[in-house]
Enquirer: 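Here it is, the structure in full.
Keep in mind the model is a prediction, meaning the values are calculated, not measured.
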Amino acid sequence: MIDDKIIYEDLLKKIDSLISRDILTVSNLCNFIAAINESFSKISWIGYYFLKDEKLYLGPFQGKVACNIIKIGKGVCGKSVEKGVTLIVPNTHEYPGHIACDAGSKSEIVCPIFYKGKIMGVLDIDSYEFDAFNETDKIYLEKLLSLLVEKIDFSNFNIL
Ligand code: SME
């Protein structure tokens, strides 16, 4: 099995060349998640929730239909925003308050997206496998998100 670190190192290079200020922010956001999704068979759903007025709103995603709005503190996404850290949930069935958009989801990782020192949203990734995400995913997804934020101009980005 190819080491996830090798896949992520390739992804860092791929996304660096894929993301550009010359194209629409929404296109960059979509290609970012598409590149990650096509690199890992363990992913069942990947997408963004963006923060506005104490609520998280569904952004671009790949996967099944998902919940539109999540309050801060609710579910894994809302908890990640409340705590300001990446959360890894090895078994979503055992996570109190987990929001099951897809009953098949068994594990999840949620990483906050920081822009100018503030959380602007989260990247949420689900899997149909238990224990699909670990410290390697956390480290590299955070690196990938830093790269995304560095390369995109979010100053005129309005989610609503
Ligand atoms: N499971 C998430 C909700 C979003 S879906 O997974 C797409 C949560 O508990 O916050």
Enquirer: For Tyr115 and Phe154, I'd like to know if the aromatic rings sit close, meaning centre-to-centre distance below 6.0 Å.
Expert: yes

Enquirer: Distance to the ring centre below 6.0 angstrom and angle to the axis at most 45 degrees; does that hold for Lys106 and Phe130?
Expert: yes

Enquirer: Whether the Thr86 and Glu142 side chains hold a donor-acceptor pair (N or O, under 3.5 Å, no angle test) is what I'd like checked.
Expert: yes

Enquirer: For the atom pair CG (Leu144) and OG (Ser146), what is the distance rounded to the nearest 0.5 Å?
Expert: 8.5 Å

Enquirer: Would you say NZ of Lys55 has more than 12 non-hydrogen atoms from neighbouring residues, nucleotides or ligands within 6.0 angstrom?
Expert: no

Enquirer: Heavy-atom distance under 4.5 Å between the side chains of Leu87 and Tyr95, does that happen here?
Expert: yes

Enquirer: To the nearest 0.5 Å, what is the distance between OG on Ser107 and CG on Asp131?
Expert: 7.0 Å

Enquirer: Within the 4.5 Å heavy-atom criterion, are Thr92 and Val89 side-chain neighbours or not?
Expert: yes

Enquirer: Quick check: does any side chain N or O of Ser105 sit under 3.5 Å from a backbone N or O of Asp102, one acting as donor and the other as acceptor?
Expert: no

Enquirer: Is the shortest side-chain heavy-atom distance between Val76 and Ile99 below 4.5 Å?
Expert: no

Enquirer: Distance from Ile119 atom CD1 to Glu82 atom CD, nearest 0.5 Å?
Expert: 10.5 Å

Enquirer: Examine distances only and state if a side-chain atom of Ser80 and a backbone atom of Val85 form a donor-acceptor pair shorter than 3.5 Å.
Expert: yes

Enquirer: Please answer whether the main-chain N or O of Gly78 pairs with a side-chain N or O of Lys71 as donor and acceptor at a distance below 3.5 Å.
Expert: no

Enquirer: Are Ile109 and Tyr128 in one and the same hydrophobic cluster, where Ile, Leu, Val, Met, Phe, Trp and Tyr link if side-chain heavy atoms are under 4.5 Å apart?
Expert: no

Enquirer: Is there side-chain contact between Leu18 and Phe32, with at least one heavy-atom pair below 4.5 Å?
Expert: no

Enquirer: With no hydrogens and no angle check, just 3.5 Å: does a side-chain donor-acceptor pair link Tyr140 and Asp4?
Expert: no

Enquirer: Within the supplied structure, the quantity of interest is the number of heavy atoms (other residues, nucleotides, ligands) at a distance under 6.0 Å from Lys138 NZ; does it exceed 12?
Expert: yes

Enquirer: To the nearest 0.5 Å, what is the distance between NZ (Lys5) and CG (Asp10)?
Expert: 14.5 Å

Enquirer: Just checking, Lys42 and Phe40: is the charged tip under 6.0 Å from the six-membered ring centre and within 45° of the axis?
Expert: yes

Enquirer: Are Ile23 and Leu29 joined in one hydrophobic group, where the rule is that I, L, V, M, F, W and Y side chains link up if heavy atoms are under 4.5 Å apart?
Expert: no

Enquirer: Do you know which two heavy atoms are closest between Gln62 and Asn37, and how far apart they sit?
Expert: OE1-ND2, 2.7 Å

Enquirer: Treating Ser127 as the side-chain partner and Ile43 as the backbone partner, does any N or O pair qualify as donor plus acceptor under 3.5 Å?
Expert: no

Enquirer: When you compare the side chain of Glu108 with that of Asp126, does any pair of heavy atoms fall below 4.5 Å?
Expert: yes

Enquirer: Do the non-hydrogen side-chain atoms of Ile36 and Leu141 ever get within less than 4.5 Å of each other?
Expert: yes

Enquirer: May I have the step-by-step check of side-chain contact (heavy atoms from CB on, under 4.5 Å) for Leu123 and Leu145, ending in yes or no?
Expert: CA-CA 8 Å; Leu123 176 70; Leu145 285 169; 4.0 Å; yes

Enquirer: Please round to the nearest 0.5 Å and tell me the distance separating atom CG of Leu11 and atom CD of Glu38.
Expert: 8.5 Å

Enquirer: Could you measure the distance from the CD1 atom of Ile152 to the CG atom of Asn28? Nearest 0.5 Å is fine.
Expert: 4.0 Å

Enquirer: Check the pair Leu147 / Asp16 against side-chain contact (heavy atoms from CB on, under 4.5 Å), numbers first and verdict last.
Expert: CA-CA 7 Å; Leu147 180 63; Asp16 191 33; 3.7 Å; yes

Enquirer: Taking C-beta and beyond as the side chain, do Glu9 and Leu12 meet within less than 4.5 Å on heavy atoms?
Expert: yes

Enquirer: Among Phe157, Phe114, Tyr48, find the one that has a side-chain contact (heavy atoms from CB on, under 4.5 Å) with Met120.
Expert: Phe157

Enquirer: Under the criterion side-chain contact (heavy atoms from CB on, under 4.5 Å), I'd like the reasoning laid out for Val110 against Ile88: C-alpha separation, chi angles, the key distance, then a yes or no.
Expert: CA-CA 7 Å; Val110 178; Ile88 297 171; over 6 Å; no

Enquirer: Test your reading of the model: is there a side-chain donor-acceptor pair from Trp45 to the backbone of Ile125, 3.5 Å cut-off?
Expert: no

Enquirer: Is there a side-chain contact between Leu58 and Phe50, using heavy atoms and a 4.5 Å cut-off?
Expert: no

Enquirer: Any chain of hydrophobic side-chain contacts (each under 4.5 Å) joining Val26 to Ile15?
Expert: no

